[in-house]
2 protein chains.
Amino acid sequence: MSAPRAAGEAVDNPRRPTLTQVAELAGVSLKTASRALNDEPNVAEATGARVRQAADLLGYRLNGIARELRRGATSALVGLVSGDLANPFYSAVASGIERELRQHGLQLVTANTDEDAELERALVEAFLERRVRALLVVPSGDRHEYLAIEGNRGVPFVFLDRPPDGLEADAVLIDNAGGARAAGEHLLSHGHRRIALVADLARMAPQRGRLDGFVQAMDAAGNDQWRPYLRTDVHDVHRAEETVRELLTRDPPPTALFTTNNRLTTGALRALRGHPAAPALIGFDDFDLADVIGTTVVAHDPVAMGREAARLAHRRISGFGGPAQTVIIPTEVVARGSGERAPA
Amino acid sequence: MSAPRAAGEAVDNPRRPTLTQVAELAGVSLKTASRALNDEPNVAEATGARVRQAADLLGYRLNGIARELRRGATSALVGLVSGDLANPFYSAVASGIERELRQHGLQLVTANTDEDAELERALVEAFLERRVRALLVVPSGDRHEYLAIEGNRGVPFVFLDRPPDGLEADAVLIDNAGGARAAGEHLLSHGHRRIALVADLARMAPQRGRLDGFVQAMDAAGNDQWRPYLRTDVHDVHRAEETVRELLTRDPPPTALFTTNNRLTTGALRALRGHPAAPALIGFDDFDLADVIGTTVVAHDPVAMGREAARLAHRRISGFGGPAQTVIIPTEVVARGSGERAPA
DNA sequence: CTGAAAGCGCTAACAT
DNA sequence: ATGTTAGCGCTTTCAG
């Protein structure tokens, strides 16, 4: 005898049994079967057992779609639209969201935009058609007005990492400026003046915040020797590596580096590998093994970020109608060696 | 004038407009409105325009739930039930799945089990009630018979990383034994005999495969000096770190280490940090910055794994009824230094 | 080209 | 304790 198969289903797919069929087999009415299977009161012990037996026999499974339609066309799904789940930052956020939602019986549905604003919009539309209860977005596009109508019609939005532009909505943001300022001050306090800043796309709000914070620290210290070493719009690991290599050939070279996200830090680490007199380095975003490599970072808690976003969403779902809230996730400089190297 | 708000939706949620209302406003029948909005043929230019205008005015959005119910109670959703999305291995797999599904207009829904077999079962049930088109599972529990009925009723299953037990179903697995054998041979060829093996829960199939492959390599070389250094059921980073520290205090100590997944490798790297005469190290699973740290690994492609799984699922959804297939993802030893250190 | 009627599978409201 | 009727919002016949 062979094992039951899950593979060849397409061959014999005689449509799933419905509640009506269960009721017929059990010799009761549709509604009684419904009551029995939903553990509602007012079902005789024996009747309930008969219904459950019939359901088992038929391999019946409740049709959640029909139920949702009848109950008001709103699912237990919460959508997350983000740039790239393969980035550990986003996946940590997603896992924080998922865990918190589950506490409330909600389910996370994810979609990647690959940082494409048009795809983002299409995915948002798709989620709304699916009647998600709330929508969490790490926006790539810059204008979000198109979401406003939705918000007014019962689908709460929560923005993550980047603030909403063009509408009021809940958001969970990182203290970008504060973290970057702290990084700048940290390097200054270790004697650095020629500090290179390697940043991602400057049009993104978090990157702007980090740039601003860094500049504040420099201005406050009356240092402007960093300016020749500013490099923005470096968007991938490879470009980051090249950029850092180029910076090191300058004369004089920078004595320190500040990279404004985990991808750029990875690129910098590659460029610095085996370098005899590596400049000091601080990276924004903590990462696995930073302790092993000894990389000083501006750390924050992405799982907490997801959790807070899920909480905001849940509050709205539960009927909270107050003004939009913004939660700021704090940052902290974690010294591990690379950021404490003195200027050469 | 203030920005449109997305926050206070709960206050005024007058139920979403329906197609009937759009039709009324446009002065056409329900069906005509449906045709116009779905770009079906046989709609006069002017009529279509009027309908679309009415829809915009009302802020109408199609109710995907009603559509799905009518079209056969099956969604465009594909479920993924996995252990822990925060683990970069799983999130890479998820991103491979997501990308491939999107090619076919399918949407990924994810849920984490935290490696809990009961939660896994509950989540699978929940997905089935939601009428997912296919279900991808990285199973934590060991018996999967309970899925068999579903498989016969039109919901294809694909198992990832761990083979199905108790039913026939498509699967995508890593060449665990082959990779581990290659790692063993690699260390042997560099002169190692006292090789420590640090493994995760031995009841998990991938771990067993890796153990077996390693043992095969040792047996083939007639080496059994590794046996005193076998440590299994090491399940988290912290325990891995402790275990490696303990191993290093043995007399004589092992001259090489093989860690059988990314978590254990991380723990080993922490234990080895700053060690004057670190043993050679090979880790199963590649990871970010392994190149920077110089860690030799048994690499494989988790994104490809996700992609293959999504392809199998899509084939089944499209009606393929052949026997269950298993795709094996190949592995490769990537030498980066740590695995090539000679015995002390 | 347009419309009327039926019904997907379920639950809510109202009998009995 | 059980049954009957209606209808969620849409698409699918089948007629005009």
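Just so we're on the same page: letters track the sequence lines, and every chain starts at 1.
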Atom-pair distance ([atom1] on [X]; [atom2] on [N]), nearest Å:
{"X": "Arg35(A)", "N": "dG3(D)", "atom1": "CZ", "atom2": "P", "result": "9 Å"}
{"X": "Leu30(B)", "N": "dC1(C)", "atom1": "CG", "atom2": "P", "result": "20 Å"}
{"X": "Asn38(B)", "N": "dC10(D)", "atom1": "CG", "atom2": "P", "result": "10 Å"}
{"X": "Arg71(B)", "N": "dG9(C)", "atom1": "CZ", "atom2": "C1'", "result": "17 Å"}
{"X": "Asn42(A)", "N": "dA1(D)", "atom1": "CG", "atom2": "C1'", "result": "6 Å"}
{"X": "Leu69(A)", "N": "dC10(C)", "atom1": "CG", "atom2": "C1'", "result": "8 Å"}
{"X": "Glu40(B)", "N": "dT13(D)", "atom1": "CD", "atom2": "P", "result": "12 Å"}
{"X": "Arg67(A)", "N": "dT11(C)", "atom1": "CZ", "atom2": "C1'", "result": "9 Å"}

Let me confirm one number: the [atom1]-[atom2] distance from [X] to [Y], rounded to the nearest 0.5 Å.
{"X": "Arg99(B)", "Y": "Asp84(A)", "atom1": "CZ", "atom2": "CG", "value": "5.5 Å"}
{"X": "Ile97(A)", "Y": "Leu136(A)", "atom1": "CD1", "atom2": "CG", "value": "5.0 Å"}
{"X": "Arg71(A)", "Y": "Ile65(B)", "atom1": "CZ", "atom2": "CD1", "value": "12.0 Å"}

Identify, between Ala66(B) and Val28(B), the residue whose nearest nucleotide on DNA chain C lies closer to the 5' end. Val28(B)

Do the side chains of Arg121(A) and Glu118(A) get close enough for a salt bridge, i.e. N-O under 4.0 angstrom? no

Does the pair Glu115(A)/Arg162(A) count as a salt bridge with the N-to-O cut at 4.0 Å? yes

Has the side chain of Arg16(A) got a donor or acceptor atom sitting under 3.5 Å from an opposite partner on the base of dG9(C)? no

Could a donor-acceptor pair under 3.5 angstrom be found where the side chain of Arg131(B) meets the base of dG9(C)? no

With sugar-phosphate meaning primed atoms plus P, OP1 and OP2, does Leu62(A) contact a base, only sugar-phosphate, or nothing at under 4.0 Å between heavy atoms? sugar-phosphate

Would you please confirm or rule out a distance under 4.0 Å between OP1 or OP2 of dA1(D) and any side-chain N or O of Thr32(A)? no

Side-chain N or O of Ser34(A) versus OP1/OP2 of dC10(C): is the shortest distance under 4.0 Å? no

Any idea which of [options] is nearest the [X] side chain?
{"X": "Ala44(A)", "options": "dT11(C), dT2(D), dT12(D)", "value": "dT2(D)"}
{"X": "Ser29(A)", "options": "dG3(D), dA6(D), dC10(D)", "value": "dG3(D)"}
{"X": "Arg70(A)", "options": "dG7(D), dG3(C), dC10(D)", "value": "dG7(D)"}
{"X": "Val43(A)", "options": "dG3(D), dT11(C), dT2(D)", "value": "dT2(D)"}
{"X": "Leu19(A)", "options": "dG3(C), dT11(D), dT11(C)", "value": "dT11(C)"}
{"X": "Lys31(B)", "options": "dG9(C), dT12(D), dA13(C)", "value": "dT12(D)"}
{"X": "Thr47(A)", "options": "dT2(D), dT11(D), dG9(C)", "value": "dT2(D)"}
{"X": "Tyr60(A)", "options": "dC10(C), dT11(C), dA6(C)", "value": "dC10(C)"}

What one should report as the nearest heavy-atom pair of Pro17(B) and Tyr60(B) is O-CD1, 3.4 Å

